[in-house]
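Numbering of ligands and ligand atoms starts at 1, following listing order.
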Amino acid sequence: MQLENQNVVIIGGSSGIGFETAQWAKKQGAIVTITGRNLIKLEQAAKELGNVTIAIVDIAQESSVQQLMEAFDHVDHLVVLGASLASGTVVGTPLEQLARPIDERIWGAVYAVRHAAPKMSGGSITLMSGLFSSRPIAGMSIVAAAVGGIEAMTRSLALELAPIRVNAIAPGYIDTPLLQAAFADQYEGVVKAQAATLPTQRIGTASEAAQSILFLMTSGFITGEVLHLDGGGRYV
Ligand SMILES: NC(=O)c1ccc[n+]([C@@H]2O[C@H](COP(=O)([O-])OP(=O)(O)OC[C@H]3O[C@@H](n4cnc5c(N)ncnc54)[C@H](OP(=O)(O)O)[C@@H]3O)[C@@H](O)[C@H]2O)c1
């Protein structure tokens, strides 16, 4: 029970990687809070997880993140995952849509860190990068900029916030509701095509991503690290 009675806050914990992270953290004895924007999803997740606190938070709104953190006397581990997969070409996409990955991923992480770090005396913060930081795809330039920025920010924050450890995970294709929604009825085909190109011959699971987060959370000598969880997707 490596997280016995420790407060773990997961921003974006009502589905996918965050939900699985909550499940694994609970198995390690943590006191878990999950957040999301949709109350119905949160309530359903809480029912399945059992004994977790839920809170409605939009990570792109500082006041919303601030309100969340005000509820805590102490935070041991913060996991920042909440973001949509907004994308689009730089030339052909309305600026408002292009700003969303920056608002959610960069500013969202900044809000989370600003309001959580003062409640932390050690422990860890895990931020979310992604494959696009090292593997470019047309139409994903702004998401790539956002996740690349997260990786750079992770290294600086590891110094700035020490002894709080700050790490990031950079997943490739992970089977979650986000990916399923992004590809809709083409999902099965995309998964098959990806599996055929990847050294692992399959895409990742949300549980595997969650275990990577738990690893970073509980590895007391790892900070400023970006853990790639992409089945070798960067190299093919
Ligand atoms: N799945 C992949 O292949 C993959 C690969 C690389 C990186 N990632 C990243 O990993 C993170 C988790 O993704 P997932 O695949 O687990 O997706 P998911 O199943 O859709 O989960 C996303 C979670 O974040 C919440 N969320 C979304 N936008 C939010 C916002 N603006 N403020 C607060 N919470 C928000 C969602 O709840 P609500 O919708 O109710 O807010 C949900 O709890 C995302 O940042 C995603 O980009 C995923």
Is there a side-chain contact between Leu49 and Val32, using heavy atoms and a 4.5 Å cut-off? no
Indicate if Leu131 and Met140 have the same hydrophobic cluster label, given that clusters are the connected sets of ILVMFWY residues with side-chain heavy-atom separations under 4.5 angstrom. yes
Cluster question for you: counting only ILVMFWY and a side-chain heavy-atom cut-off of under 4.5 Å, with indirect links fine, are Val52 and Val79 together? yes
Restricting to pairs with a member in residues 14-40, which pass side-chain hydrogen bond (donor to acceptor under 3.5 Å, both in side chains), not counting sequence neighbours? Trp24-Ser207
Taking Asn7 for the side chain and Phe72 for the main chain, is one N or O donor matched with an acceptor at less than 3.5 Å? no
Does Glu4 reach the main-chain N or O of Ala30 with its side chain, forming a donor-acceptor pair under 3.5 Å? no
Under 4.0 Å from ligand 1, counting heavy atoms only: the protein residues, by chain and number: Gly12, Gly13, Ser14, Ser15, Gly16, Ile17, Gly36, Arg37, Asn38, Lys41, Val57, Asp58, Ile59, Leu81, Gly82, Ala83, Ser84, Glu104, Arg105, Met128, Ser129, Pro171, Gly172, Tyr173, Ile174, Thr176, Pro177, Leu178, Leu179
